[in-house]
Amino acid sequence: MAATGKSTSTNGKNPAIDDIAERTDRIKKELAALGEALAGAGAVQAGVAREAAETRVDDVIRSGEKLVADMSRQLSSAEQQVTTTVRDKPMQSLGVAVAAGFLAAILLRR
């Protein structure tokens, strides 16, 4: 601002130069205010984006927990079914196990 006072005293004879200096100072102040406003808006926007991301992460976690619970129930049901089948038909179950082992041995040799 000291430069403004100096330019005013030396350029007091030329009003056009004084007007340009005044407008330049005003533009600098407006740009500084605009920069501060943009920084504030950026911070607000980042906060909104963070909240949206956190909400989405929570939704994904809940969905994953539900999926794990469903799969656990299905696995438990399948285990019960296999146990029941093996108890009801032990010879057939043994035959299936032998056939599966034989097939696995053939596939793994190659």
Side-chain angles (χ1 to χ4, degrees):
M1 295 214 173
T4 306
K6 182 178 178 184
S7 64
T8 304
S9 63
T10 57
N11 295 327
K13 299 175 186 174
N14 192 341
I17 293 177
D18 289 340
D19 186 47
I20 290 172
E22 183 180 316
R23 287 183 183 188
T24 302
D25 288 339
R26 201 172 343 137
I27 289 172
K28 286 179 184 178
K29 289 177 185 174
E30 288 176 3
L31 285 175
L34 180 61
E36 290 174 9
L38 286 175
V44 168
Q45 197 69 355
V48 169
R50 175 178 285 129
E51 288 176 13
E54 288 174 353
T55 301
R56 182 69 179 134
V57 166
D58 290 342
D59 291 345
V60 168
I61 288 172
R62 275 190 234 106
S63 175
E65 289 172 346
K66 182 181 178 206
L67 182 63
V68 167
D70 290 346
M71 290 181 73
S72 178
R73 273 188 247 114
Q74 288 178 358
L75 181 61
S76 178
S77 174
E79 182 183 8
Q80 291 278 337
Q81 192 174 16
V82 167
T83 302
T84 304
T85 303
V86 169
R87 284 188 182 147
D88 291 345
K89 303 174 184 178
M91 294 307 281
Q92 185 180 359
S93 299
L94 182 62
V96 170
V98 168
F102 182 71
L103 182 61
I106 289 173
L107 291 175
L108 291 175
R109 276 193 187 164
R110 294 177 186 219

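From a predicted model like this one, the values you see are computed outputs, not experimental measurements.
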Going from [atom1] on [X] to [atom2] on [Y], what distance comes out if it is rounded to the nearest 0.5 angstrom?
X	Y	atom1	atom2	answer
L31	E36	CG	CD	11.5 Å
D18	N14	CG	CG	7.0 Å
D19	E22	CG	CD	6.0 Å

Subject >> Carboxylate-amine/guanidinium contact K29 D25, below 4.0 Å >> reply: no
Original post:
Does the pair R26/E30 count as a salt bridge with the N-to-O cut at 4.0 Å?
Top reply: no
Can a donor-acceptor pair be found, under 3.5 Å and without considering hydrogens, that links the side chain of [X] to the backbone of [Y]?
X	Y	result
T85	Q81	yes
S93	K89	yes
T24	I20	yes

Can I get a per-line list of side-chain donor-acceptor pairs under 3.5 Å for residues 50-61, giving both atom names and the distance, sequence neighbours left out?
from : atom 1 : to  : atom 2 : distance (Å)
T55  : OG1    : E51 : O      : 2.9
D59  : OD1    : R62 : NH1    : 3.0

Original post:
Can you list the residues that meet the side-chain hydrogen bond (donor to acceptor under 3.5 Å, both in side chains) rule with R87, with sequence neighbours excluded?
Top reply: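 Testing R87 for side-chain hydrogen bond (donor to acceptor under 3.5 Å, both in side chains), a comparison that skips the adjacent residues, returns none.
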